[in-house]
Amino acid sequence: QVQLMESGGGSVQAGGSLRLSCAASGSTFSRNAMGWFRQAPGMEREGVAAIFAGGSSTTYNSSVEGRFTISQDNAKNTLFLEMNSLKPEDTAMYYCAASRFRSPTRPLGRFDYNYWGQGTQVTVSA
């Protein structure tokens with residue numbers, strides 16, 4: 001059973017930075033692609049960034065490309081999301097997710113992920 005726990009959320013002003021972490025147990029990054037998703041009130045959950053099994057490739061939502069970086073520490077089984085130049089529209093609950101695939105066909109599509117954390121809130125003020 002895969003368990004995921006996010007941390008690192010908080011409130012920042014526009015232009016600031018945050019680093020989210022996701023501690024994973026019951027899986028290995030060599031077998032599962034991992035992703036970060038976010039959901040704002042009244043909006044659908046959207047994919048933010050994904051990293052394929054083994055860290056072979058990464059992909060980003062165009063709205064965060066160049067500002068966010070996804071990475072993983074295989075030894076600590078921890079996934080990260082470094083967020084820079086934050087904007088008010090980045091405000092959302094952020095979720096870590098594990099895919100049952102090594103290289104999902106739709107890495108930013110939530111239906112390819114079957115394990116989810118509880119989420120961590122990110123609030124960016126203008």
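Computed from a predicted model, the values in this text were never measured in an experiment.
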Atom pair [atom1]/[atom2] of [X] and [Y] - distance to nearest 0.5 Å:
{"X": "Ser7", "Y": "Arg19", "atom1": "OG", "atom2": "CZ", "result": "10.0 Å"}
{"X": "Gln121", "Y": "Ser11", "atom1": "CD", "atom2": "OG", "result": "7.5 Å"}
{"X": "Leu79", "Y": "Asp73", "atom1": "CG", "atom2": "CG", "result": "10.5 Å"}
{"X": "Thr120", "Y": "Gln118", "atom1": "OG1", "atom2": "CD", "result": "11.5 Å"}
{"X": "Asn61", "Y": "Trp36", "atom1": "CG", "atom2": "CH2", "result": "15.5 Å"}
{"X": "Glu65", "Y": "Thr69", "atom1": "CD", "atom2": "OG1", "result": "9.5 Å"}

### Query
Judged by atom type as modelled, is there a donor-acceptor pair below 3.5 Å linking the side chain of Asp112 to the main-chain atoms of Pro107?
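No.
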### Under 3.5 Å donor-acceptor, Thr123 side chain and Thr91 backbone
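Pair absent, no side-chain N/O of Thr123 close to backbone of Thr91.
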Flag side-chain contact, heavy atom, 4.5 Å: [X] against [Y]:
{"X": "Met83", "Y": "Val12", "answer": "no"}
{"X": "Tyr115", "Y": "Asn32", "answer": "no"}
{"X": "Arg38", "Y": "Glu46", "answer": "yes"}

Closest non-hydrogen atom pair, [X] against [Y]:
{"X": "Met34", "Y": "Cys96", "answer": "CE-SG, 3.9 Å"}
{"X": "Ala40", "Y": "Ala92", "answer": "N-CB, 3.9 Å"}
{"X": "Leu81", "Y": "Val48", "answer": "CD2-CG1, 4.3 Å"}
{"X": "Tyr113", "Y": "Ala33", "answer": "CE2-O, 4.1 Å"}
{"X": "Ala98", "Y": "Val2", "answer": "CB-CG1, 4.3 Å"}
{"X": "Leu4", "Y": "Ala24", "answer": "CD2-CB, 3.6 Å"}

### Message
Quick one, Glu6 with Leu20, criterion side chain to side chain contact (heavy atoms under 4.5 Å, CB included). Give me CA distance, side-chain angles, the key distance, then yes/no.
### Response
CA-CA 7 Å; Glu6 304 94 337; Leu20 305 184; over 6 Å; no
### Task
Verify whether the ring centers belonging to Phe37 and Trp116 lie closer than 6.0 Å.
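Centroid distance Phe37-Trp116: below 6.0 Å, so yes.
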### Query
Should we count CZ of Arg106 as having more than 12 external heavy atoms under 6.0 Å?
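No, not enclosed.
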### Query
Where do Asn84 and Ser17 land on the side-chain hydrogen bond (donor to acceptor under 3.5 Å, both in side chains) test, with the steps shown first?
CA-CA 4 Å; Asn84 298 313; Ser17 299; 2.8 Å; yes
### Query
Can Leu86 and Gln13 be said to form a side chain to side chain contact (heavy atoms under 4.5 Å, CB included), step by step?
CA-CA 8 Å; Leu86 282 161; Gln13 290 189 325; over 6 Å; no
### With sequence neighbours excluded, residues passing salt bridge (Lys or Arg N to Asp or Glu O under 4.0 Å) with Arg45
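Not a single residue meets the salt bridge (Lys or Arg N to Asp or Glu O under 4.0 Å) criterion with Arg45.
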### Task
Indicate if Leu108 and Tyr94 have the same hydrophobic cluster label, given that clusters are the connected sets of ILVMFWY residues with side-chain heavy-atom separations under 4.5 angstrom.
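No; tracing contacts between hydrophobic side chains, which count when under 4.5 Å, never links both residues.
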### Query
Mind checking whether Ile70 and Phe52 sit in one hydrophobic cluster, side chains of I, L, V, M, F, W, Y counted as touching below 4.5 Å?
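Cluster IDs for Ile70 and Phe52 differ.
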### Query
Between Tyr95 and Gln39, does a side chain to side chain contact (heavy atoms under 4.5 Å, CB included) hold up when you go through it step by step?
CA-CA 8 Å; Tyr95 298 91; Gln39 188 167 17; 4.2 Å; yes
